[in-house]
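Step one of this worksheet: look at the structure below.
This is a predicted model, so every value here is computed, not measured. Each chain gets a letter, A, B and so on, in the order its sequence line appears, and its residues count up from 1.
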Amino acid sequence: MQSDNYLNVLNPEQCQAVMHEGSPLLILAGAGSGKTRVITTKIAWLIEQGTDPRSILAVTFTKKAANEMRERACRLNEQAQFAQIRTFHSFGSWFLRIYAEYAGLAPNFTIYDDDDMLTLLSKTSPELTHNQCAHYVRLISRAKDYCLLPESENLSQIDEDLCFADYYQKYEERLRETGNVDFGDLISLPIKVLKENPEIQAQVHHRFRVIMIDEYQDSNVAQFELLKILAGAETYVCVVGDDDQSIYSFRGAEVQNILTFQENFKGAELIKLERNYRSVASVLKIADEVVKNNKDRLGKTLIAERSGGKKPVAVFLSNQDDETAFCAEIIKAAYAKGCPYSDWAVLYRTNAQSLSLETEFINKKIPYKVVGSLKFYDREEIKDVIAYLSLVLNPRDEVSFSRVVNKPLRSIGNSSQQKIIEFARSTYGTIEILPENRVVLKGSILEACSDNALSLPAKAKKGLQSFLEIMNALISELKNNESDEAAVSKEIYDIAQAAVEEQLLSNVPFEKEKTLASFIEKVISTSGLGDFHSTKDEIAGTQRLNNMQELANSAVLYPKTKAGLALFFDHIELDRAVTQAEDSSDAVTLITLHNTKGLEFPRVIITGIEKGIFPREDKKGSELEEERRLFYVGITRTRDELYLTTTSSRRLYGRVEWMSPSPFLAEINRNSIDVLGRKPARFYFADEKQQKNSSKYISTSEKTEHDLLYEHWKPGTKIYHDDFGYGLVCKAFYIKSDFAIFAAFESGIKKQFIPEHCKSTLMRIKN
DNA sequence: GACAGTGAAATTTTT
DNA sequence: TTTCACTGTC
């Protein structure tokens, strides 16, 4: 496509951002201001101006965003397929596979997730309980987000706990012994390699002339350090972000990165994109009413390009069954009028909230898809298969080893496992240091297992023997397909990647026998995992077998080599949430608020806007502001219609809890919003509150509402309750903002009720 | 070393 | 309500 075509559709600021050059650039892009369009157009533009696409590095935070960016850029200029468009973590992984030995890694490393981190920590510090381990794993992750090492002086800023450095240190040493990495390492190890090896830094500076980062407000300190060291004197750096949409500080995102960008990159220019093309004005209005309550922001006002629009609707419901029913009904009603299901997204704060929605949608036969929280890779059987694969790739992986050495049961219990690992560490765990900071890891747990010096009970020894046979058979199966028997080297890795891409591009049917899928099938059968899981539980067994088969199927594009396996690992570790096939079927989207970042929908329902849930109870200060930004993000996903639902009671872990509307809801003006259902008596929207405060009289609306309730339930009123029978109201009063009554029944039982909460079981008998 | 039974805790957000 | 860790027995 010609540049005059795609530049024509941009507004002046967008155009300026696309064509800007010569100094670093910070683009402050409000929600819906077309920032992805700006980045993708910029990529196309740069290529057209003669920039080698291979020298462009564009970084995003999620795989989904990266894929979308690549697709859209390629549509503008097909050369964009040669640009490096990746997530931060996949870039780190790519870099480390090339320079593994400079980072003290096996080039065939795999990535430990939080769960694996926990296993490893509990091994290095067995005195810790499960909960303590989980706590320290969080701290370690956080420390790595801030680029802090165990010996760093500033480590105390993560936690005052004096033992922390010690646990961290031991964990880190042991992790290096395994040759694997955790998520934090994917950022911090490249920094280390670049710092220690100026010649690699020079290579990288030469390779990447343009670096662009999307969602810059969510970058952490380590990612900022990485950016600084990746950018040479000649590199053009362009970052895009929105401080109002920073929602990840809980995991180390540092808004300071965007606020201080101009200080850190000298001469940086700033372009603001404030025209919103996504939402109708009525939606943008309440977004602004909410977010302006945050003190800690640069401050910008979005200008709605789409005027008018239906007012958003606040919906007051009595419990979450009503809430799910409401969602289902409104979606069905719209469907009947020709609105497709895919126009809708139902948003919630925590994943647990999706469950009741799913049940309701199944009952009402509404097709839906749940984004994120796909627990596929968390399933036991899947983790087991992955552990076998990981061990094939990296025989030093002790976490995977202890996961599967006795699965299926081979009489190798905990104590035997400890023995094996200790033996392997003491006898085989050597690290050889080569010139130029290079490190080579030697020996492996599997080697140690076959050593005669290892003393174990006869039963365990026999079990170990059969385990070894299985592993060796699998390892040699992959080796036969390797052109070069050496470990995964850069070249092989590149070749494998090219093969995957080729396979994706060509529509040629491939022979399954030659793909990684057939290898994984082999792993499932020869390891005994297939039989183990299918016989263990007759009912769930088939499903588990299916899940394992599905894992195998998802590897069908990968070549049956070690490099192919390594690539497949990157794919599953770095893309766990989005693996669900993007099918084109018409379905409602169920999604957490966090996961909606970067998405948009014509019609949005935000559910559970209640105190204690959203915002969560323990949030205050800057954390509360972050929750508010999350609400802002949710609202601004909307193109046309927005519904905000609140309930007055909710089942929480089996118990029924009384809820009241979120304070965020009260930040909206009454005349910006329509109300559906009965508003709790003491709940006021922002302007109603002002009215009330400025007047010494009780506002009319309150008086009416209160009077109505009091009239209905005044003392002496006869009532009937499903469980307690007939009785009389003794007293009418308020509990917090809820109207309550105290009643005495004929049976002698005295009870307190909130009529609003038990509409179905409690009724008034007319005299 | 395997496994059943008991008691208690737990529920954020994610690359 | 569900899940998970721990205990005691075979």
Side-chain angles (χ1 to χ4, degrees), chain A residues 59-66 86-93 111-115 117-118 122 129-134 137-138 141-142 144-145 181-188 215 218-220 222-223 226 246-253 347-356 371-375 377-378 380 405-418 456-460 463 536 570-579 591-597 608 612-619 623 626-627 629-631 633-634 650-657:
Chain A
V59 181
T60 66
F61 279 82
T62 66
K63 193 99 167 194
K64 193 169 186 170
R86 289 176 173 272
T87 66
F88 257 116
H89 291 89
S90 103
F91 173 79
S93 175
I111 301 161
Y112 279 158
D113 64 14
D114 291 359
D115 216 44
M117 287 176 77
L118 200 140
S122 66
T129 66
H130 184 268
N131 276 342
Q132 288 170 319
C133 279
V137 162
R138 267 196 302 277
S141 303
R142 203 71 337 105
K144 292 193 175 187
D145 286 341
V181 297
D182 57 28
F183 276 112
D185 288 338
L186 290 175
I187 310 299
S188 60
E215 307 282 10
D218 285 325
S219 61
N220 60 35
Q223 287 159 339
L226 182 58
S246 160
I247 54 175
Y248 282 106
S249 70
F250 67 91
R251 76 168 200 229
L347 279 46
Y348 36 81
R349 177 66 237 268
T350 64
N351 277 309
Q353 289 166 262
S354 76
L355 215 82
S356 48
V371 175
S373 99
L374 181 69
K375 297 194 199 88
Y377 292 107
D378 289 338
E380 187 189 345
V405 67
N406 200 26
K407 202 165 194 178
L409 298 172
R410 298 186 182 94
S411 305
I412 306 163
N414 258 325
S415 50
S416 295
Q417 286 175 30
Q418 284 313 314
L456 289 177
K459 237 176 151 184
K536 198 176 164 195
D570 284 358
H571 165 73
I572 58 185
E573 290 298 341
L574 300 173
D575 191 23
R576 19 191 52 216
V578 208
T579 302
I591 189 168
T592 63
L593 282 146
H594 279 89
N595 268 323
T596 60
K597 187 166 86 168
I613 290 190
F614 187 26
R616 281 184 62 83
E617 218 134 17
D618 45 352
K619 300 291 180 186
E623 286 188 322
E626 177 148 316
E627 292 274 305
R629 288 193 291 271
L630 188 58
F631 190 35
V633 166
R650 185 174 289 275
R651 272 193 311 278
L652 247 37
Y653 12 79
R655 308 238 148 265
V656 175
E657 303 270 340

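In this structure, CD of A:Gln353 is placed 20 Å from P of B:dA10, rounded to the nearest angstrom. Nucleotide B:dT14 holds its P atom 10 Å from the CG atom of A:Leu630, rounded to whole Å. In this structure, A:Glu215 places its CD atom 14 Å from P of B:dT14, rounding to the nearest Å. Nucleotide C:dT1 holds its C1' atom 16 Å from the CZ atom of A:Arg650, rounded to whole Å. Distance A:Glu657 CD to B:dA10 P: 16 Å, rounded to the nearest Å. Whole-Å rounding puts the A:His594 NE2 to B:dT13 P distance at 9 Å. Residue A:Arg138 contributes atom CZ, which lies 13 Å from atom C1' of B:dT14 at whole-angstrom precision. Atom CG of A:Asp113 is separated from atom C1' of B:dT15 by 11 Å (rounded to the nearest Å).
Scanning all heavy atoms of the two residues, the minimum distance from A:Asp218 to A:Ala253 falls at O-CB, 3.5 Å. The shortest heavy-atom contact between A:His89 and A:Phe183 is CD2-O, 3.6 Å.
For the atom pair CG of A:Asp182 and OG of A:Ser188, the computed distance is 7.0 Å after rounding to the nearest 0.5 Å.
With centres under 5.5 Å and a plane angle under 30°, the ring of A:Phe183 is stacked against the base of B:dT15. Both geometric conditions, a ring-centre gap below 5.5 Å and a plane tilt below 30°, are fulfilled for A:Phe250 over the base of B:dT13.
Considering only the side chain of A:Asn406, B:dA2 comes nearest among B:dT14, B:dA2, B:dT15. Nearest nucleotide to the A:Arg616 side chain, out of B:dT14, B:dT11, B:dA2: B:dT11. Taking only side-chain atoms of A:Ser416, from C-beta outward, the nucleotide of B:dT15, B:dG1, B:dC3 with the closest atom is B:dG1. Looking at the side chain of A:Thr87, the nearest of the listed nucleotides B:dT13, B:dT15, B:dA2 is B:dT15.
Across all strands shown, A:Phe88 has no heavy atoms under 4.0 Å from either base or sugar-phosphate atoms. Counting any heavy atom pair closer than 4.0 Å across all strands shown, A:Leu593 reaches no nucleic acid atom.
The gap from the C1' atom of C:dC4 to that of B:dT13 amounts to 23 Å, rounded to the nearest Å.
Salt-bridge annotation for A:Glu623 and A:Arg616: absent, with no side-chain N of the basic residue lying under 4.0 Å from a carboxylate O of the acidic one.
The phosphate of B:dT12 has neither OP1 nor OP2 within less than 4.0 Å of any side-chain N or O from A:Asn351.
The backbone N or O of A:Pro615 sits nowhere less than 3.5 Å from a side-chain atom of A:Arg349 that would complete a donor-acceptor pair. Side-chain atoms of A:Glu626 come within 3.5 Å of backbone atoms of A:Ser249 as a donor-acceptor pair (strictly under, hydrogens ignored).
A:His594 and A:Tyr248 have tilted rings, their planes meeting at an angle from 30° to 60° on a 0 to 90° scale.
Mapping A:Thr350 and A:Asn131 onto DNA chain B by nearest heavy atom places A:Asn131 at the nucleotide closer to the 5' end. Nearest-nucleotide assignment on DNA chain B puts the 5′-proximal partner with A:Glu623, out of A:Ser90 and A:Glu623.
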> Going 5' to 3' along nucleotides 3-10 of chain C, which nucleotides have protein heavy atoms under 4.0 Å from the base (write B), which only from the sugar-phosphate (write S), and which from neither (write -)?
Replying inline: --S-----
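Side-chain N/O atoms of A:Arg651 and base N/O atoms of C:dT1 include no donor-acceptor pair closer than 3.5 Å.
Neither side chain, A:Gln418 nor A:Ser415, offers a donor N or O lying under 3.5 Å from an acceptor on the other.
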